[in-house]
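Read through the structure below, which is laid out as structure tokens, and then see the notes.
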2 protein chains.
Amino acid sequence: MNKETQRTLLEDVAREAGVSTASVSRVLNRAPHVSERLRERVEAAIERLGYVPDGNARALASRRIGAIGALVPTLDNPIFGAMIDSLEQRLKHHDCRLLIATYRYDLDDELQALRTLVQQGVDGVVLIGHDHRPAVGTLLARRRLPFLSCWHAEDDPAWPCIGFDNAAPARRLAEHLLRLGHRRLAVVSAPTEGNDRARARLEGFRQATEAAGCPLPPERIVTVEYGIAEGARAFETLMGLEAPPTAILCGNDTLAFGVMLAAQRKGVCVPDQLSVTGFDDLSQARFMSPPLTTVAVPAIEIGRRVADALIARIDGKIMPHLQLLDAPLALRESTGPAPID
Amino acid sequence: MNKETQRTLLEDVAREAGVSTASVSRVLNRAPHVSERLRERVEAAIERLGYVPDGNARALASRRIGAIGALVPTLDNPIFGAMIDSLEQRLKHHDCRLLIATYRYDLDDELQALRTLVQQGVDGVVLIGHDHRPAVGTLLARRRLPFLSCWHAEDDPAWPCIGFDNAAPARRLAEHLLRLGHRRLAVVSAPTEGNDRARARLEGFRQATEAAGCPLPPERIVTVEYGIAEGARAFETLMGLEAPPTAILCGNDTLAFGVMLAAQRKGVCVPDQLSVTGFDDLSQARFMSPPLTTVAVPAIEIGRRVADALIARIDGKIMPHLQLLDAPLALRESTGPAPID
DNA sequence: AGGTTTCTTGTAAGCGCTTACAACCGCGTT
DNA sequence: AACGCGGTTGTAAGCGCTTACAAGAAACCT
């Protein structure tokens, strides 16, 4: 027992069990070629002394930490919570832990957080989206750190990624509304700076409306921060327009909830007077009244696949550069035929 | 440059700057007694080489890691997401990082996760609630690790804690309903095993109803897992009873959302035919229709205070054993007079 | 029985950093 | 001119673990 720190060290365990430190280490690491008898003696000693190995010393000596780092914009949004949850669960199967850092959509913060994770010596890194400071790529490359970005997908991505096309479902959502006869569409978007997903979704909305000959004028594109209250405020702004929209496409479900609830308050009937769509398919979406038409983002599946793929990369396996997942529309009752003027 | 790992080491920086490793370390740690000139030279060398110090080696040598660990049941519930967010923001002010681990309300997992955090060498630990395996306390004590539990509060707590009384607001919620004339109350609770908060809330509901002479029969206490769908299912169960309740007290907002949405679907009008209450005051609560009567849990404030208090403890300062916060009722329109039979 | 081979265990050299201690420098004192 | 002093820098000994290598024991063979 180390007198000053009162900590039990591996050396103490070795002494207690009457073996060498190497043997204790081998038992700890489930190394092959350890006799049953020795293992039992060491394990008993560990139990008796309540020994807990020092992860830092371990990481330093073995050059792996047994953890990967995830950089997520925020944990406020349950869709990321779900992904992280699934990622962590799956990593457990691989005896790997997860260090989470958030950056609130501030790319400078993201870079800073990455530096911290790298200092920690994480064995791999998960990023969201492909908007990052250039230094992010440089650092990752210089350290030869396995990494993956997710939540987005494009042809021939610069980095390995696991995700879905954000623009296509947005386009299809808009097309769905156009088919229903809507001509005055509006968009409530999350801030697009440093957020490629929000940008892609907006772009999808734009493409579809322009192709149909009824493009979105600037006043019918409102950008707001994340939050129900923000969605509600966006509703007010849009409905106060000279020619208010008959359908509102929202960049995520939470904004859509805000829009729908504000509509309800104002006595605007969804979908008879106003159609609303979301993006994410949070568990609430199907329970709204009316149930929200949205895009089912495969958050759980992303978490699972990212775990498997990153571990594989860390183990030096070759993995596909892109794993494209499906993000199907969930057509529900918040969208309906355009009202007759 | 280390040939094998391709990593820049502190030693490389020292060589590049033409100084000793100790000097580089001093610059890195902003130690006193470093001349301006030396500092500039070292910083230039660091910049030039893109040097990133190894956190593990640093932690090992200095015996502090600059991070605390938080054990939370789940990140699925946005109320914990909010608390963690606020905790992390505040820790940044103290130059301290946050390691998060989740255990899905499984106390054995919690203990396991704590071991992992301790192995990582965290400088302090945050726990939720006071239901834990005994080994949690033993381990924390043995390592003399500063720690704090939060989200609960009782007189003379065994451990230092920052939180609120879970039973009192529950009692007041029930009393509110009783005053409105309700006599057949029901409860939708989260599983109480290993969850003292859920237990305290249920107990609060019980106390108030018993004091008023209309105790809760077992069939009017439904226990379900976390989730909107689960709340909706609980609604079905309760409304299928011989004598369905006129008011439903939910253990958290998400369950209440489920109940309200199921009611809406079934054409049961809230609050005219049924009163519903939640607990948490998630941002959605005030936007439900009708807005949900609930308890405002001071999640942000808890995060902030936990950060300050834990850092203070790590620095050896003496802190109050208990910080009791207020969790006021948010009386809104989901509760109303009992219907006349 | 002696020589291999295979498995188990021990010895000791790091992993990349911090920090106690010593050495050194230039200055003001006596 | 000798001395002491405070401030700056270097030297080197760890921090607690892993692991290459070597040595010893046991099992196999001819």
Side-chain angles (χ1 to χ4, degrees), chain A residues 1-43 45-46 49-66 118-123 143, chain B residues 1-42 45-46 49-66 116 118-123 143:
Chain A
M1 181 82 84
N2 181 313
K3 255 189 294 177
E4 310 171 59
T5 64
Q6 299 283 74
R7 280 216 216 163
T8 306
L9 306 182
L10 184 141
E11 196 189 328
D12 302 314
V13 176
R15 199 175 311 121
E16 172 84 11
V19 300
S20 74
T21 58
S23 293
V24 176
S25 175
R26 283 189 194 106
V27 171
L28 246 31
N29 295 292
R30 298 192 187 80
H33 310 313
V34 177
S35 71
E36 193 68 11
R37 203 172 122 275
L38 187 142
R39 223 200 51 228
E40 276 165 13
R41 269 184 35 215
V42 170
E43 276 171 355
I46 288 175
L49 299 176
Y51 169 70
V52 178
D54 179 321
N56 288 114
R58 222 166 165 174
L60 180 58
S62 69
R63 294 132 162 289
R64 51 192 149 63
I65 186 191
V118 169
Q119 281 189 17
Q120 275 305 296
V122 291
D123 302 320
R143 308 285 279 209
Chain B
M1 183 79 84
N2 180 315
K3 255 188 291 176
E4 312 170 55
T5 63
Q6 297 286 75
R7 280 216 217 164
T8 306
L9 305 182
L10 184 141
E11 196 189 328
D12 302 315
V13 176
R15 197 176 314 119
E16 171 84 12
V19 300
S20 73
T21 59
S23 293
V24 176
S25 174
R26 282 188 194 106
V27 171
L28 246 31
N29 295 292
R30 299 190 184 82
H33 308 314
V34 176
S35 71
E36 193 66 13
R37 201 170 125 277
L38 187 143
R39 223 199 53 226
E40 276 166 12
R41 273 188 27 220
V42 170
I46 288 175
L49 299 177
Y51 168 69
V52 179
D54 179 320
N56 288 114
R58 222 166 165 174
L60 181 58
S62 68
R63 293 131 163 286
R64 51 192 148 62
I65 186 191
T116 305
V118 169
Q119 280 188 17
Q120 276 304 297
V122 291
D123 302 319
R143 307 285 280 212

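We use all heavy atoms of the structure for the numbers below, so side chains are in, but hydrogens, waters and symmetry mates are not. Below, read A as the first sequence line, B as the second, and so on, with proteins coming before strands; counting in each chain starts at 1.
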Sequence neighbours left out, what passes side-chain contact (heavy atoms from CB on, under 4.5 Å) with [X]? Give chain and number order.
X: B/S20; value: B/A22, B/S23
X: A/A61; value: none
X: B/R39; value: B/V27, B/V34, B/E36, B/E43
X: A/R37; value: A/S35, A/R41

Original post:
When all nucleic acid strands are considered with a 4.0 Å heavy-atom cut-off, which category describes B/N56: base, sugar-phosphate, or nothing?
Top reply: nothing
Subject >> Candidates C/dT19, C/dG16, D/dC15 - which lies nearest the side chain of B/R63 >> reply: D/dC15
What is the distance, to the nearest angstrom, from the [atom1] atom on [X] to the [atom2] atom on [N]?
X: A/R64; N: D/dC17; atom1: CZ; atom2: C1'; result: 12 Å
X: A/E11; N: D/dC17; atom1: CD; atom2: C1'; result: 11 Å
X: A/L60; N: C/dC15; atom1: CG; atom2: C1'; result: 4 Å
X: A/D54; N: C/dC17; atom1: CG; atom2: P; result: 16 Å
X: B/L10; N: C/dC17; atom1: CG; atom2: P; result: 5 Å
X: B/I65; N: D/dG16; atom1: CD1; atom2: C1'; result: 14 Å
X: A/L9; N: D/dT18; atom1: CG; atom2: P; result: 12 Å
X: A/R30; N: D/dT18; atom1: CZ; atom2: P; result: 12 Å

**OP:** Supply the atom-to-atom distance B/T8 OG1 to B/E16 CD, rounded to the nearest 0.5 angstrom.
**Re:** 9.5 Å
Original post:
Which nucleotides of nucleotides 9-14 of chain D have their base under 4.0 Å from a protein heavy atom (B), which only their sugar-phosphate (S), and which neither (-), written as one string 5' to 3'?
Top reply: BBBB-B
Original post:
Looking at A/Y51, does any N or O in its side chain come under 4.0 Å of the phosphate oxygens OP1/OP2 on D/dC17?
Top reply: yes
Original post:
Does OP1 or OP2 of D/dT18 have a side-chain N or O of A/S62 closer than 4.0 Å?
Top reply: no
Original post:
For the side chain of A/D123 and the backbone of A/I65, is there at least one donor-acceptor N/O pair under 3.5 Å apart?
Top reply: yes
Original post:
What residues form a side-chain hydrogen bond (donor to acceptor under 3.5 Å, both in side chains) with A/S25, not counting sequence neighbours?
Top reply: A/N29
